Amino acid sequence: MFSLVIKSRLWKKGDGWYKGINLETQKKGILPKNHVQLKDTFYHDPEMEEIISSLREWSLLLKNYYKARKMNEFKMMKERLIDLQNLYRKVKSPDITELMRIPLKETALAKIEEGRRVMGLDLLVRTATGLVANEENTPLITLYKMHKEMAFRDVPKRKTQSAKNKPAKLHTIKEQQTTPLICQLYLEFEVVICPASDPTDLEFSLWSSTYGSISENFLAPVSPSGLPIDINKIRNTKTIFRDVPFREFEDLFLVCKLIRRGKLLVEEKVKDKKASMEFRRPKGVAVLPLQSLIGASTEKISEFKLKLLQCNQEHMFHNVAELVVKRNPVIEPIPTAEGVIIGTRVYMVSDFNTLIDSEPSLKDIPVTSKLGFGDVIMPGLERNDLFVTFEHGEFNQDRK
């Protein structure tokens, strides 16, 4: 005798039939009564569990925002929490049918996703059946793609009647309601104003107070006058720091190291034998906190003049970024130096290829990539390189 077991949830009983839903395929239908075996069991509803879990999480966040006096976040969270509570009451109401609950649950889950994105919380991805995707029900590569698409997806902004009558203005990062997890940082070097007798290499990179250096170096060689050695590069020395984590801007710094190329010591005479050789010696550093870009315009280049500093302990120069951030006493201003003038612009676009398609003028600009790889290496990844950099060393004088 052949028997087939299909787990279903029944919610309506008729004359000789039941109306139910298949728990595996989520398909609804009518089941004959003589083919149904009733079983008393607790029904697992993942959507309701997620709504309840979000209510608990948001209630705790609301309390923490109030304690920290973050009133903007408090008002936003309070508004979304009230909306979600109202939807929860409607879903749990005994006066509505199961078919009426389904669109209410979908609305509640959409509210949860929007609230998580706006408030900067962890985002959840779902399977085709509406369940939260994880490593148990979704292949790892598919799960990575789902998270990537979720991060790149933009939430539509609210439109008001009064906004239509307002004049157009340049938008800043701070004014945007939602921001992506990743952005692209455009850098344009103009000039360095510092007395020099030798050519200098400017090495631009991104530095994190948590992880240290997180990007490759962008090299800009300049003459003693402070302008690019190649005259074609004057006001045309540009790069794009790719895939910068925007949510970590408060922890990131743009570091410009100045490396002098020439004599071992500035005061050495040319007739000295060693003076004919070219050495690379540390000269100074300039640091720009990326936090200062949050209020800058996203539609034009913002100019900055970075103060030039020097480290009076040369053996500590390899760690100069950390010394500047922590205001170590070995760091002091360079006399008679005015600074490094640069231009920056933050593109609030998560996908670099999308940015290039929308801004063709950026296509030929050199790209400065992040160090390392992501947790999952996708097929078609363009990077396949290895760099070894000697930052510092300890050497003993040999008298032989």
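Being a predicted model, the structure only gives us computed values, none of them experimental. What's counted below: heavy atoms across the whole structure, side chains too, no hydrogens, waters or symmetry copies.
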Which pair of heavy atoms, one from S292 and one from P289, lies closest together, and at what distance? OG-O, 2.6 Å
Quick one: side chains of residues 322-330, donor-acceptor pairs under 3.5 Å with protein atoms, not counting sequence neighbours, listed by atom name and distance.
from, atom 1, to, atom 2, distance (Å)
E322, OE1, N319, ND2, 3.1
E322, OE2, K326, NZ, 2.8
N328, OD1, V330, N, 3.0

Can you find a pair of side-chain heavy atoms, one from L362 and one from Y347, that are under 4.5 Å apart? yes
For T107, side-chain hydrogen bond (donor to acceptor under 3.5 Å, both in side chains) partners two or more places apart: none
Hits for side-chain contact (heavy atoms from CB on, under 4.5 Å) against S225, two or more places apart or cross-chain, chain-then-number order -> S223, L227
Would you please say whether a donor-acceptor pair under 3.5 Å links the side chains of S205 and S213? no
For P335, all residues meeting side-chain contact (heavy atoms from CB on, under 4.5 Å), sequence neighbours excluded: Q310
Check L252 against I214 and note the closest heavy-atom contact, atom names and distance. CD2-CD1, 3.6 Å
Would you give the length of the straight line joining atom OG1 of T368 to atom NZ of K238, rounded to the nearest 0.5 angstrom? 14.0 Å
Show the nearest heavy-atom pair for residues S54 and L84, with the distance to one decimal. CB-CD2, 4.1 Å
Suppose clustering is done on Ile, Leu, Val, Met, Phe, Trp and Tyr with side-chain heavy atoms closer than 4.5 Å. Which residues sit in the same group as I229? none
Not counting sequence neighbours, which residues clear side-chain contact (heavy atoms from CB on, under 4.5 Å) with M48? List them please. D45, I51, Y88, V91, K92, K105
Side-chain polar contacts of residues 186-203 - donor-acceptor pairs under 3.5 angstrom, sequence neighbours left out - could you list them?
from, atom 1, to, atom 2, distance (Å)
Y186, OH, E188, OE1, 2.7
D198, OD2, R260, NH1, 3.0
D201, OD1, R261, NE, 3.0
D201, OD2, R261, NE, 3.1
D201, OD2, R280, NH1, 2.8
E203, OE2, R280, NH2, 2.9

Looking only at heavy atoms, which two atoms of T237 and A220 are closest? And how far apart? CG2-CB, 3.8 Å
Donor-acceptor pair, Q184 side chain versus S350 backbone, under 3.5 Å? yes
Sorted by chain and residue number, the side-chain hydrogen bond (donor to acceptor under 3.5 Å, both in side chains) partners of E314 (sequence neighbours excluded) come out as R281
Restricting to salt bridge (charged side-chain N to carboxylate O under 4.0 Å, His left out), what partner residues turn up for K70, sequence neighbours left out? none
Can you check side chain to side chain contact (heavy atoms under 4.5 Å, CB included) on L206 and V255, steps first, answer last? CA-CA 6 Å; L206 295 180; V255 178; over 6 Å; no
Set of side-chain hydrogen bond (donor to acceptor under 3.5 Å, both in side chains) partners for S208, sequence neighbours left out: D251
Work out which heavy atom in L87 is nearest to a heavy atom in K111; give both atom names and the distance. CD1-CG, 3.9 Å
Do any pairs count as a ring-ring contact (aromatic ring centres under 6.0 Å, His included) and have a residue in residues 211-245, sequence neighbours left out, and if so which ones? none
Minimum heavy-atom separation for F249 and L290, please, with both atom names. CD2-O, 3.4 Å
What pairs with F74 under ring-ring contact (aromatic ring centres under 6.0 Å, His included), at least two apart in sequence or on another chain? Y66
Below 4.5 Å, heavy atoms only, C-beta onward: do L55 and L81 meet side chain to side chain? yes
